[in-house]
Number of protein chains: 2
Amino acid sequence: MRDAGEKNVTASAGRNELPARARRKRAGNGAARPDDADEVGLDALVGHAGYAVRRFQIWIFQDFVRTLAAVDIRPTQYSVMTVIGANPGLSQMAVAKRLGIERARLVHLLDSLERRKLVKRIKSKTDRRSHALHLTAQGELSLTKFKQLAAEHERHVEEKIGKANRERLLQILAGFT
Amino acid sequence: MRDAGEKNVTASAGRNELPARARRKRAGNGAARPDDADEVGLDALVGHAGYAVRRFQIWIFQDFVRTLAAVDIRPTQYSVMTVIGANPGLSQMAVAKRLGIERARLVHLLDSLERRKLVKRIKSKTDRRSHALHLTAQGELSLTKFKQLAAEHERHVEEKIGKANRERLLQILAGFT
DNA sequence: TATTGTTATACTCTATAACTATA
DNA sequence: TATAGTTATAGAGTATAACAATA
């Protein structure tokens, strides 16, 4: 059981096999090529989790951006505000570590959120190198709205892959959060 | 059943709830903050598929790059070579469409692969605007090696999330390939 | 010496627009 | 006029290195 089906990582699997139609087209005529995307076989890519995950991630981020376009908030900005909201007083290093963002990049993200009066940096009294991060009053209010829109986005995901599959996905990937 | 558990998209779920220890730390003392990443709660992010998928995708790409570092091939380069190998004669537009890559970006990817003698552009006789893409003999040979390493990477994924989970993931996301 | 926040650089990737040569 | 390939630009994101202030 454990050793079965190892080969199909690199072998073409049934569903995405190059369609017979496309094969025929090219067989008799060197010039004819498939012009429709669905006639192009993916070969080994079919068996790669990373390829599927990347395509899905692109879709999901685009839907997130689209759904929150009215409030002009991108996924990373949302994650930063959510973590600060749940852990007020956090340092920049702590946020960066928790979210896997480079601390250099977080500087710019916070600059932008601070300009928009959603987040504020407060000098720490115990360690004067670091900043305590807080949402502003407006930030708190805005985050509530962002979370509503993010929940709407999440429903789009559910519609796209199904409620049970979405939950299974969260379970499978829980270790990476 | 269909309407149950809708709220937990924005509510903190059990597993990633802010630990009592961290909450205690901050309760009596405004200055104390969680310094360890695992003491920082994620709040609404826990319920977002996009967040888990993004973190997983980062891990999986890093492992792919690491595993294929000896041959200096990145995920996108691998996907381009695999599709050309399986569909020789394809135009740049067809490859770009199939993989969801901007055609402007594919130009640079192909420049790089062509410099390395892995891929060649051949002027089409039927449509002089377009190029027929082929692997070189060396490209064919190299791709075989790349596929072996990619299969090794895929085994890392299996070790990380489990064989059954990896297969379930591929099933759930099959529609995005 | 080490760490926090910052600035800077380089490279990948996404998203556009515009140009050329064909069709 | 539309399309294939190309060039260019701008912004997000990743990966580094180096610096000042502070620990």
Side-chain angles (χ1 to χ4, degrees), chain A residues 31 33 35-37 50-51 54-55 57-66 68-69 72-80 89-114 119-133, chain B residues 31 33 35-36 50-51 54-55 57-66 69 72-80 89-114 119-133:
Chain A
R33 291 169 296 165
D35 33 8
D36 290 347
Y51 179 71
R54 169 174 164 263
R55 296 301 298 255
Q57 206 246 338
I58 290 169
W59 181 87
I60 210 168
F61 264 50
Q62 282 173 346
D63 186 84
F64 187 99
V65 170
R66 213 180 304 130
L68 278 85
D72 191 25
I73 286 290
R74 295 179 55 80
T76 315
Q77 298 175 309
Y78 177 76
S79 70
V80 168
L90 227 48
S91 70
Q92 295 186 194
M93 272 305 295
V95 171
K97 266 188 198 159
R98 186 64 187 88
L99 291 176
I101 299 171
E102 285 298 320
R103 71 187 201 276
R105 173 157 163 62
L106 185 60
V107 172
H108 300 296
L109 283 165
L110 289 172
D111 286 348
S112 151
L113 293 173
E114 210 170 23
V119 165
K120 59 189 172 218
R121 291 163 161 118
I122 296 176
K123 298 205 172 186
S124 168
K125 285 163 189 168
T126 52
D127 183 344
R128 289 165 60 208
R129 291 172 305 182
S130 79
H131 294 154
L133 300 174
Chain B
R33 292 169 297 163
D35 33 7
D36 290 346
Y51 179 71
R54 168 173 162 264
R55 296 300 299 255
Q57 206 246 335
I58 290 169
W59 180 88
I60 210 168
F61 264 51
Q62 282 173 347
D63 185 84
F64 187 100
V65 170
R66 212 181 304 130
D72 190 25
I73 285 290
R74 296 178 53 79
T76 315
Q77 298 175 309
Y78 176 76
S79 70
V80 168
L90 228 46
S91 69
Q92 296 185 194
M93 272 305 295
V95 171
K97 267 188 198 161
R98 186 63 187 88
L99 292 175
I101 300 171
E102 286 296 320
R103 71 189 203 274
R105 173 157 163 61
L106 184 60
V107 171
H108 300 296
L109 284 165
L110 289 172
D111 285 349
S112 152
L113 293 173
E114 209 168 25
V119 164
K120 61 189 170 216
R121 290 164 162 117
I122 296 175
K123 300 207 171 185
S124 168
K125 285 163 188 166
T126 52
D127 183 343
R128 289 166 60 206
R129 291 173 305 181
S130 79
H131 295 153
L133 300 173

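All chains are named by letter (A, B, ...) in the order of the sequence lines, taking the proteins before the strands, and each is independently numbered beginning at 1.
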Nearest-Å distance for atom pair [atom1]/[atom2], residues [X] and [N]:
X: Ile122(B); N: dA4(D); atom1: CD1; atom2: P; answer: 19 Å
X: Arg74(A); N: dT14(D); atom1: CZ; atom2: P; answer: 11 Å
X: Trp59(A); N: dT14(C); atom1: CH2; atom2: P; answer: 17 Å
X: Leu90(B); N: dA4(D); atom1: CG; atom2: C1'; answer: 13 Å
X: Phe61(A); N: dT14(D); atom1: CZ; atom2: C1'; answer: 13 Å
X: Ile101(A); N: dG5(C); atom1: CD1; atom2: P; answer: 13 Å
X: Gln57(A); N: dG13(D); atom1: CD; atom2: C1'; answer: 11 Å
X: His108(A); N: dA15(D); atom1: NE2; atom2: P; answer: 16 Å

*Any residue meeting side-chain contact (heavy atoms from CB on, under 4.5 Å) with Arg66(A), in chain and number order, not counting sequence neighbours*: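 Only Gln62(A), Asp63(A) meet the side-chain contact (heavy atoms from CB on, under 4.5 Å) criterion with Arg66(A).
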Taking only the side-chain nitrogens and oxygens of [X], find out if one of them lies under 4.0 Å from OP1 or OP2 of [N].
X: Ser124(B); N: dA4(D); answer: no
X: Gln92(A); N: dT6(C); answer: yes
X: Arg121(B); N: dT6(D); answer: yes
X: Thr76(B); N: dT12(C); answer: no

*Report the residue (Gln77(A) or Leu110(B)) whose heavy-atom-nearest nucleotide on DNA chain D is the more 5′ of the two.*
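Looking at DNA chain D, the more 5' nearest nucleotide goes with Leu110(B).
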_Shortest side-chain distance from Val107(A), nucleotide among dT4(C), dA4(D), dT7(C)_ =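 Of dT4(C), dA4(D), dT7(C), dT7(C) is nearest to the side chain of Val107(A).
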Results of side chain to side chain donor-acceptor pair (under 3.5 Å) for [X] - residues two or more places apart only:
X: Arg74(A); value: none
X: Glu102(B); value: none
X: Arg105(B); value: none

*Please report the shortest heavy-atom distance between Arg121(A) and Leu133(A), naming the atom on each side.*
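That would be CG-CD2, 3.7 Å.
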*Val119(B) to Glu114(B) - nearest heavy-atom pair and separation*: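 What the structure gives for the nearest pair is O-CG, 3.3 Å.
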*With sequence neighbours left out, what residues match Tyr51(B) under ring pair (Phe, Tyr, Trp, His ring centres under 6.0 Å)?*
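For Tyr51(B) there are no ring pair (Phe, Tyr, Trp, His ring centres under 6.0 Å) partners, ignoring immediate neighbours.
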Considering only nitrogen or oxygen atoms on both sides, find all protein atoms under 3.5 Å from nucleotides 21-23 of chain C and state each distance.
{"residue": "dA23(C)", "atom": "OP1", "partner": "Arg128(B)", "partner atom": "N", "Å": "3.1"}

*With sequence neighbours excluded, what pairs up with Arg103(B) under the salt bridge (charged side-chain N to carboxylate O under 4.0 Å, His left out) test?*
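If we apply the salt bridge (charged side-chain N to carboxylate O under 4.0 Å, His left out) test to Arg103(B), skipping adjacent residues, there are no hits.
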_Annotated protein contacts, base or backbone, on nucleotides 15-20 of chain C with a non-hydrogen cut-off under 4.0 Å, one of B, S, - each_ = SB-B--
*Atom pair CD/CZ of Gln57(A) and Phe61(B) - distance to nearest 0.5 Å*: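 The CD atom of Gln57(A) sits 8.5 Å away from the CZ atom of Phe61(B).
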